[in-house]
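All remarks here apply to the structure that follows.
As a basis for the values below, the full set of heavy atoms in this structure was taken, side chains included, without hydrogen atoms, waters or symmetry mates. Note that ligands are numbered from 1 as they come in the structure, with each ligand's atoms numbered from 1 the same way. In this text, all values refer to a predicted model and were calculated from it rather than measured experimentally.
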Amino acid sequence: MVAGLIGGTSLLNSRYMKGKSRDMENKHGRVLVMKGEGWVYVPRHGWNGSIPPHRINHKANIVALESEGVSHLVGVYSVGSLREEIKPGQLVVPDDYISFWDIPTYFNRDVIHITPVMDKDMGRLMVEKAGELGLEVVSGGTYFQTTGPRLETRAEIRFLRDYAEVVGMTMASEATLACELGLRYAALCTVDNYAHGLVDEELDYVDVMGKASTGRDSLHELLDLVVEGLKCF
Ligand code: HPA
């Protein structure tokens with residue numbers, strides 16, 4: 001069993017960026033792939049985080065992981081909270097998602113309609129391991145995917161909060177493609193801010209990411225436990 005990881009800025013300084021790196025090419029495009037003992041990692045924003053969310057080549061990334069033998073994929077995502085009680089610094093393991101626009105697919109010729117699912121056992125493993133580390137984790141919830149790169153307007157957030165717990169720009173695309181390839185998939189979200197207008201404080205993304213980049217050690221520790229735990233799947 002090879003565990004796959006796909007992540008963003010929160011993993012840029014992790015040991016997963018220090019794996020054996022390779023620039024891979026598949027029919028969808030080029031992908032940076034890192035490999036270590038029992039895991040394969042794709043940094044979705046590239047080497048130094050320079051690929052913006054709306055330009056990520058999701059199809060190339062997920063197929064690259066599959067071609068490296070990944071059967072179980074964990075996606076790590078930065079999100080904004082749509083609930084006052086879900087606070088920045090906490091983790092969320094969503095069990096569903098909404099994405100109405102720009103749905104990527106590998107099935108452009110065949111008439112195949114997958115039913116999206118997220119892996120409950122993998123989700124449970126992440127919640128359990130987070131608990132063991134004493135991290136605050138919310139089990140379940142819906143991720144709403146917006147297209148980015150801009151943040152949402154206050155009015156959009158007022159609308160979205162009736163339907164989801166967290167908002168971000170990448171998870172639904174990756175979850176859908178992983179599902180189309182038959183990979184088992186679960187997501188781990190770091191809550192980095194309250195969504196726009198949810199609290200009085202001004203929302204500034206640079207500021208949010210600056211604050212979020214400190215204290216990532218526990219997230220990396222959690223992923224190590226999850227990768228280890230996946231070996232028993
Ligand atoms: N909105 C969209 N994507 C995000 C946010 C947000 O508030 N925070 C982190 N990623």
For residues 108-117, run the donor-acceptor check on the side chains, cut-off 3.5 Å, and write out each pair with its distance to 0.1 Å, sequence neighbours left out.
none

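In this structure Ala130 satisfies the side-chain contact (heavy atoms from CB on, under 4.5 Å) test together with Leu91, Leu135, Val137, Leu222, sequence neighbours excluded. Taking Lys59 as the reference, nothing meets the salt bridge (charged side-chain N to carboxylate O under 4.0 Å, His left out) condition, with sequence neighbours excluded.
Counted by atom type alone, Glu180 and Thr105 present one or more donor-acceptor pairs between their side chains at under 3.5 Å. Between the side chains of Tyr16 and Asp224, at least one donor-acceptor pair of N or O atoms lies under 3.5 Å.
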Identify all pairs of nitrogen or oxygen atoms, one from ligand 1 and one from the protein, separated by less than 3.5 Å, and list them with distances.
unit_1, atom_1, unit_2, atom_2, d
ligand 1, 1 (N), Glu152, OE1, 2.8
ligand 1, 1 (N), Glu152, OE2, 3.3
ligand 1, 7 (O), Asn193, ND2, 3.0
ligand 1, 8 (N), Gly80, N, 3.3
ligand 1, 8 (N), Asn193, OD1, 2.7
ligand 1, 10 (N), Ser78, O, 3.2

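Looking at Met122 and Leu230, their side chains come closer than 4.5 Å, going by heavy atoms from C-beta outward.
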